[in-house]
Each structure stands twice: as C-alpha cells, then as structure tokens.
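These notes are about the structure you will find just below.
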Amino acid sequence: MGKTLTELKGIAKELGMPAFTGSQMAQWLYTQHVQSIDEMTNISKANRERLKAGYIVGGMKPIDAQYSKDGTIKYLFPVRCSDTVDSEEAAEGAAAGSRFVETVYIPDGERATLCVSCQVGCKMNCLFCQTGKQGFEGSLSVCDVLNQIHSLPERDKLTNIVFMGQGEPMDNLDVILHATETLTASYGYAWSPKRITVSSVGIKGKLKRFIEESDCHLAISLHSPLPEQRAQLMPAERGMSITEIVDLLRNYDFAHQRRLSFEYIVFGGVNDSPAHARALVNLLKGLDCRINLIRFHQIPDIPLHGADERKMEELRDYLTRHGLFTTIRASRGQDIYAACGLLSTDKKLHDERH
C-alpha cells in the first residue's frame with residue numbers, strides 16, 4: 001500500500017509477472033481495499049505466493065477509538081514510520097510496535113471529514129499545540145498515511161480529507177506528495193484534489209514545491225500577523241516569516257479551483273485586538289483567500305486562554321467588512337481531546353487521558 005502504479009508494475013516485472021499485474025494490484029489496493037495478498041483473486045496463486053514472499057499489503061486496523069458526544073470519533077493507529085529520531089529509546093519503541101498517531105473522523109450532515117496525521121509528534125513546537133509538546137519521534141511512511149484512510153471503519157462515508165493532524169506536512173513533503181498522488185490518481189482513490197486540504201506553518205523551499213507539485217487546497221497556520229509575536233507563538237516564523245509566505249503565495253492563482261485559507265487560533269488578550277485585525281487586512285490585502293477563526297483549547301502549563309465569543313465575532317465581522325471572507329470554525333471533539341491542537345500520542349499524556 002502506498003506504491004504508485006509505476007512502482008507496482010516495477011514489482012510485477014521484478015518478480016517475472018506481466019506488467020498488467022501491477023494494474024491488478026492497484027485495483028485491489030485502492031478500489032477494493034483488500035487486507036491481504038490472498039484476496040487478490042484474479043492474480044494466479046503462484047504469483048500471489050511470489051508476492052507474499054517479499055511483500056505485505058501493509059494495512060493495520062486502529063487499536064483504540066474514542067467517541068465524542070457530537071459524533072466525532074478519534075482513532076489510534078499503529079505506525080511503522082519511514083524515519084525516526086536517532087535515539088536508542090526511539091529504536092526500542094519502534095521495535096516494540098509502540099508508535100501511534102491519532103486520526104479524527106468528523107461527520108457533519110452530508111459531509112464527513114478525516115483529519116489525518118503525518119508524523120509522530122512534531123518538530124515545530126508551536127506554543128499552543130499539544131502535539132508539539134510531545135516532541136518529534138518520526139515521520140510516517142506513505143503506507144502509514146494511507147492506512148488511516150484504508151483501515152478507517154467509516155472510509156466509504158468520507159467526503160473530505162485534511163492533513164491537519166499530528167505533524168507538519170511540509171516536513172514530510174515527499175510522503176505527502178506521494179500519498180496525495182495516490183488519493184487523486186485514476187489508478188488510486190480517484191478523488192478530486194478539491195476534496196483534500198494540506199496545512200502548513202510554512203517551510204522555506206518546501207512550501208513552494210508543494211504549491212507547484214500539487215493541486216490540493218492549502219491552509220496556512222497564521223495565528224498572528226505580527227512577525228515578532230508569531231515567532232513567540234510559532235518558532236517556525238524564524239525559518240520562513242509570514243511576510244515571506246504571503247509574498248510567495250501572491251505568485252500563484254488561488255481564484256479558481258484551488259482554495260487558499262489561513263488558520264487563526266484566537267487567544268484572549270493576545271491576538272484579538274483591533275490592531276491585529278488591521279494588520280491582518282494589510283497583510284492579506286488583495287490575496288484571494290479565506291480566514292478560519294479557531295477557538296483555543298486549553299493545554300496544560302501554557303499561559304494562553306481562548307477569546308470570548310463576542311471578541312471572535314467582532315474580529316470576524318471586521319475582517320469580512322474589509323474584504324476578507326472569514327468564518328468561525330465549529331469546535332468538534334473537544335471532550336475526547338480531538339479538537340484543534342489537542343492531538344498527542346505521548347505515552348504519559350495518553351495514559352492520563354484514558
């Protein structure tokens with residue numbers, strides 16, 4: 001799972017099978033969603049045995065699920081990781097099969113969104129994010145990423161996928177591009193790229209590559225229009241500033257099929273002032289985009305709190321009046337720690353929550 005059609009044909013050729021066997025494998029993996037090579041029944045038994053000698057499908061079912069009162073479900077998936085931090089402890093953890101990511105299924109009327117993770121932990125260490133407090137343990141493989149969809153019990157109900165779970169997608173860019181190719185290719189899931197959104201704090205070089213090599217929607221984690229304050233909230237600002245990000249985005253067309261959005265968690269008394277509203281308008285003026293205002297969900301030992309509803313509405317209305325389409329995102333799954341910024345598979349924290 002995770003191999004492209006070209007790669008699957010290469011495996012068939014390597015094992016002395018006809019090239020069309022690669023197409024058959026793609027059909028079984030991405031349309032039929034098989035769990036084992038033995039289920040690929042239009043491939044001869046002899047060829048299935050050849051495949052089984054060196055390969056597995058790679059699907060792994062979630063080992064835990066939590067159910068929110070609002071219908072949101074948070075799954076815990078085991079992962080193998082394509083790379084890990086260089087430490088004896090991490091190696092032991094991987095060998096013991098103790099690496100996991102959280103994946104969130106969010107039903108909403110006729111819409112059903114899956115929030116997918118791409119890393120165990122995260123290097124970005126944003127002040128307000130529980131995943132960042134976990135530290136970085138490893139990047140997921142393409143198989144790990146796709147398995148969150150492949151092995152999801154509600155897979156056939158999905159209408160949208162957002163790469164907004166654990167990890168920074170641009171820090172695992174080759175895997176994200178590979179996974180989204182499989183999701184959108186005719187040999188794969190055949191989804192429209194308009195059904196997929198990838199988020200990022202902005203990483204120099206990587207963000208440009210993503211824009212030019214993918215047609216999926218893009219969401220930028222903004223959280224403050226003031227560079228100094230954004231750096232305090234998000235250390236990644238020092239690597240690629242928000243002004244650099246916006247300057248880059250102005251070179252591309254987001255007025256048609258592809259959507260650009262900015263994620264903005266509103267912290268009470270921190271980034272919700274009229275001065276911040278004016279700075280947002282000046283920063284994004286003329287850019288075809290939307291802003292999603294997000295409620296902050298408290299995490300331990302962090303001196304931030306959410307803005308009240310009135311402040312959020314005032315900020316939304318000001319931005320809308322000044323030409324920036326702005327919405328307040330509904331908070332989902334907070335009671336099971338599935339809301340924005342709350343995902344973590346840190347063992348100590350996970351044990352406390354359960």
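Fair warning: this is a prediction, and the values are worked out from it, not measured in the lab.
- Remark: I196 CD1 to L114 CG distance equals 11.0 Å, nearest 0.5 Å.
- Using a cut-off of 4.0 Å between Lys/Arg side-chain N and Asp/Glu carboxylate O, R209 and D174 are scored as salt-bridged.
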Worksheet item: Do V198 and M164 pass the side-chain contact (heavy atoms from CB on, under 4.5 Å) test, and can you show the C-alpha distance, the side-chain angles, and the key distance before you say yes or no?
Response: CA-CA 7 Å; V198 178; M164 296 182 181; over 6 Å; no
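- Judged by distance alone, the side chain of R258 and the main-chain N or O of C216 form a donor-acceptor pair under 3.5 Å.
- Taking the side chain as every heavy atom from C-beta outward, M40 and Q24 never approach each other to under 4.5 Å.
- Under the 4.5 Å side-chain contact rule for hydrophobic residues, V281 and L226 do not share a cluster.
- In this structure, a donor-acceptor pair under 3.5 Å is present between the side chains of D144 and S141.
- For the residue pair Y187/E181, the side-chain donor-acceptor check at 3.5 Å is satisfied.
- Between the CG atom in L51 and the OG atom in S36 there is a gap of 11.5 Å [rounded to 0.5 Å].
- The minimum heavy-atom distance between C289 and L324, with the atom names listed, is SG-CD2, 4.2 Å.
- Residues P225 and R278 have side chains not in contact (no heavy-atom distance under 4.5 Å, counting atoms from C-beta outward).
- The two residues V201 and M234 come nearest to each other via the heavy atoms CG1-CE, 3.7 Å.
- Here the straight-line distance linking atom OG1 of T159 with atom CD1 of I106 works out to 10.5 Å at 0.5 Å rounding.
- Counted within 6.0 Å of CD on E212, heavy atoms from surrounding residues, nucleotides or ligands total more than 12; the atom is thus considered enclosed.
- For the residue pair D70 / S68, a side-chain donor-acceptor distance below 3.5 Å is found, with atom types taken as modelled.
- Separating the CD1 atom in I242 from the CD1 atom in I220 is a distance of 7.0 Å, to the nearest 0.5 Å.
- Cluster membership check: L233 shares its hydrophobic cluster with L293, using side-chain heavy-atom separations under 4.5 Å among Ile, Leu, Val, Met, Phe, Trp and Tyr.
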Worksheet item: R80 and M60: side-chain contact (heavy atoms from CB on, under 4.5 Å), yes or no, with the steps?
Response: CA-CA 10 Å; R80 298 180 179 91; M60 294 189 289; 3.5 Å; yes
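- The closest side-chain heavy-atom distance from L76 to P62 is not below 4.5 Å.
- Between R316 and T326, the closest heavy-atom pair is CG-O, 3.5 Å.
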Practice prompt. Please assess N42 against Q27 for the test side-chain contact (heavy atoms from CB on, under 4.5 Å), listing each intermediate value before the final yes or no.
Written response: CA-CA 11 Å; N42 63 349; Q27 174 80 10; over 6 Å; no
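- When hydrophobic clusters are built by joining Ile, Leu, Val, Met, Phe, Trp and Tyr residues whose side-chain heavy atoms come closer than 4.5 Å, directly or via intermediates, M124 is grouped together with L127.
- E263 places no side-chain N or O within donor-acceptor distance of the main-chain N or O of A219, the cut-off being under 3.5 Å.
- Looking at heavy atoms from C-beta onward, D308 lies out of side-chain contact with D272 at the 4.5 angstrom threshold.
- Residues S151 and F77 form a side-chain contact, since some pair of their non-hydrogen atoms from C-beta on lies under 4.5 Å apart.
- Checked by atom type and distance alone, the side chain of T327 never pairs as donor or acceptor with a backbone atom of R329 at under 3.5 Å.
- The CE atom of M25 lies 11.0 Å from the CD atom of E7; values are rounded to the nearest 0.5 Å.
- In this view, H33 and H150, Y189 satisfy the ring-ring contact (aromatic ring centres under 6.0 Å, His included) rule, not counting sequence neighbours.
- Heavy-atom minimum distance, G58 versus C143: O-SG, 3.5 Å.
- The shortest distance between side-chain heavy atoms of V57 and W28 does not fall below 4.5 Å.
- Remark: the backbone N or O of E102 is paired with a side-chain donor or acceptor of S117 at under 3.5 angstrom.
- The aromatic rings of H223 and Y264 sit tilted relative to each other, their planes meeting at an angle between 30° and 60°.
- In summary, the side chains of T4 and T6 do not present any donor paired with an acceptor at a separation below 3.5 Å, with no hydrogens or angles considered.
- Summarising the geometry, atom CG belonging to L152 is positioned 7.5 Å from atom OH belonging to Y105; distances are rounded to the nearest 0.5 Å.
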Discussion item. Let's go through R310 and E313 carefully: what are the C-alpha distance in whole Å and the side-chain angles of both, what is the deciding distance for salt bridge (Lys or Arg N to Asp or Glu O under 4.0 Å) to 0.1 Å, and is it a yes or a no?
Written reply: CA-CA 5 Å; R310 181 182 59 82; E313 291 173 357; over 6 Å; no
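- In this structure, a donor-acceptor pair under 3.5 Å is present between the side chains of S139 and Q119.
- Annotation: side chain of L29 is not in contact with side chain of T182 (no heavy-atom distance under 4.5 Å).
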Practice prompt. Test T197 against N160 for side-chain contact (heavy atoms from CB on, under 4.5 Å), laying out the working first.
Written response: CA-CA 8 Å; T197 300; N160 298 83; over 6 Å; no
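- Residues E154 and Y75 are in side-chain contact: their nearest non-hydrogen atoms beyond the backbone lie under 4.5 Å apart.
- In this structure a side-chain-to-backbone donor-acceptor pair under 3.5 Å is present from Y30 to G2.
- Around the NZ atom of K3, the shell of radius 6.0 Å holds no more than 12 heavy atoms that belong to other residues, nucleotides or ligands.
- More than 12 heavy atoms of other shown residues, nucleotides or ligands fall within 6.0 angstrom of atom NZ in K311.
- Within a 6.0 Å radius of CD in E228, other residues, nucleotides and ligands contribute 12 heavy atoms or fewer.
- Hydrophobic clustering (ILVMFWY, side-chain heavy atoms < 4.5 Å, transitive): V116 and L173 are in one cluster.
- Note: the hydrophobic cluster containing I211 also contains L284 (ILVMFWY, side chain heavy atoms under 4.5 Å, direct or indirect links).
- Although no hydrogens or angles enter the test, the distance criterion places no donor-acceptor pair under 3.5 Å between the side chain of N125 and the main chain of P235.
- The shortest non-hydrogen separation linking R230 to L222 is NE-O, 3.0 Å.
- In this structure, the side-chain contact (heavy atoms from CB on, under 4.5 Å) partners of V270, at least two apart in sequence or on a different chain, are Q229, F267, L304.
- The minimum heavy-atom distance between T21 and A12, with the atom names listed, is CB-CB, 4.0 Å.
- Using bins of under 30°, 30° to 60° and over 60° for the plane-to-plane angle, the ring pair F254/Y252 lands in the perpendicular bin.
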